[in-house]
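In each ligand, atom 1 is the first atom listed, and ligand 1 is the first ligand listed. Basis for what follows: all heavy atoms, side chains included, without hydrogens, waters or symmetry-related copies.
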Amino acid sequence: MLYGIRRSGLMDKIDLVEGYPAHIAGMLLNDEIDVGLVPVAIIPQLKESYIVTDHCIGADAEVASVAIFSEVPMEQITTVLLDYQSRTSVNLAKVLLKEYWKKEVVFEDAGEDFRSHIKGTAAGVVIGDRALEQRTQSAYIYDLGLAWKKYTGLPFVFAAWVSNKPLGEDFEDAFNRANGYGLHHIDEVVADIDCNWYDMKTYYTKNISYRLDAEKRKGLALFLEKIQQSASISSSQV
Ligand SMILES: C=C(O[C@@H]1C=C(C(=O)O)C=C[C@H]1O)C(=O)O
């Protein structure tokens, strides 16, 4: 999607900031940016929120870059380290561990070097490029896109373009078109990436599903319902 934005006339009108998902989420919540490709889990925390464009970072089954990684099988996991770069997948892992795998574990917010602590019965949620690398290192990989699909029958949305104020129809149309442009040039995008861990053509064409269609919106609504329910349960327990 960034490929299209960088090549569009919009570059004269916007400042493009890059960062990992939790960082972009913080900037949108603090109103330091107007729109961001943010983890959907933060939508309930925004005073005002609008999903813009028909595009998202979603998956209809295996996503490959978001998983619980472990040296031991699920039955033996006792602790799950939570990737500091994530807001959606750490919540998705909590929902699925409780409802799908029916497991009680200890969750720990992890720091930067946390991947070296994934050992023994301590598993870890890892997202992004580091997850693609972790796939070559962990004996057990529990793909969270696939688990969600098996559990709910629905696709999952990890991130969407969300604004914290109305952006206007003209901007939204141009922004939508710019996003779509990149999706028609995946071969060029793949040619520019050097990934030793995973086939990026497969990743961009088979794992990630970009269209924010009616099924994805259903999956998104169900996920937001579940995390809001668990937030209200934990606050009523305080
Ligand atoms: C598919 C991915 O999903 C990402 C996961 C996110 C999260 O867990 O908060 C946020 C944005 C997504 O782009 C990835 O990073 O590889």
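Separation of atoms CG (L97) and CD1 (I77) is listed at 7.0 Å; rounding is to 0.5 Å. The OG atom of S163 sits 9.5 Å away from the CD1 atom of I51 when rounded to the nearest 0.5 Å.
When heavy-atom distances to ligand 1 are checked against a 4.0 Å cut-off, V38 has no atom that comes that close, whether in backbone or side chain. Contacts between Y20 and ligand 1 below 4.0 angstrom, taking non-hydrogen atoms only, are absent altogether.
Side-chain polar atoms of K216 and S209 form a donor-acceptor pair below 3.5 angstrom. S65 and Y203 are linked by a side-chain donor-acceptor pair at a separation below 3.5 angstrom, with hydrogens and angles left out of the test.
Every atom of ligand 1 is numbered from 1 in the order shown, and the set under 4.0 Å from a heavy atom of S86 is 7 (C), 8 (O), 9 (O). Listed by number with element, the atoms of ligand 1 under 4.0 angstrom from any heavy atom of S89 are 5 (C), 7 (C), 8 (O), 9 (O). Near T88, with a cut-off below 4.0 Å to any heavy atom, the atoms of ligand 1 are 7 (C), 8 (O), 9 (O). Against a heavy-atom cut-off of under 4.0 Å, R87 is close to the following atoms of ligand 1: 7 (C), 8 (O), 9 (O). Atom numbering of ligand 1 starts at 1 in the shown order; those under 4.0 Å from a heavy atom of G128 are 14 (C), 15 (O), 16 (O). Of all atoms in ligand 1, listed by their number and element, those nearer than 4.0 Å to a heavy atom of V66 are 1 (C), 2 (C), 3 (O).
For E48, the CD atom sits in a packed shell: over 12 heavy atoms of surrounding residues, nucleotides or ligands are nearer than 6.0 Å. Heavy atoms from other residues, nucleotides or ligands lying under 6.0 Å from NZ of K218 number 12 at most. Annotation: D31, atom CG; neighbour count of heavy atoms from other residues, nucleotides and ligands within 6.0 Å is above 12.
In terms of protein heavy atoms, atom 10 (C) of ligand 1 is closest to P21 CB, 3.4 Å. Atom 4 (C) of ligand 1 has F158 CB, 4.1 Å as its closest protein atom, hydrogens excluded (heavy atom only). The closest protein non-hydrogen atom to atom 6 (C) of ligand 1 is I127 CD1, 3.9 Å. In terms of protein heavy atoms, atom 11 (C) of ligand 1 is closest to A159 CB, 3.5 Å. S65 OG, 2.6 Å is the protein heavy atom nearest to atom 16 (O) of ligand 1. Summary of contacts: the protein heavy atom closest to atom 13 (O) of ligand 1 is I57 CG2, 3.8 Å.
The aromatic rings of F158 and F156 stand perpendicular to each other, their planes meeting at an angle above 60°, with 30° marking the opposite boundary.
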Is there a ring pair (Phe, Tyr, Trp, His ring centres under 6.0 Å) between W148 and Y100? Walk through the geometry before answering. CA-CA 8 Å; W148 173 264; Y100 176 64; 9.9 Å; no
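Taking the six-membered ring for Trp, F69 and Y142 have ring centres at least 6.0 Å apart.
Contact between Y203 and ligand 1 is present, with at least one heavy atom of the residue lying under 4.0 Å from the ligand.
By the 3.5 Å distance cut-off applied to N or O atoms, Q85 is not counted among the residues near ligand 1.
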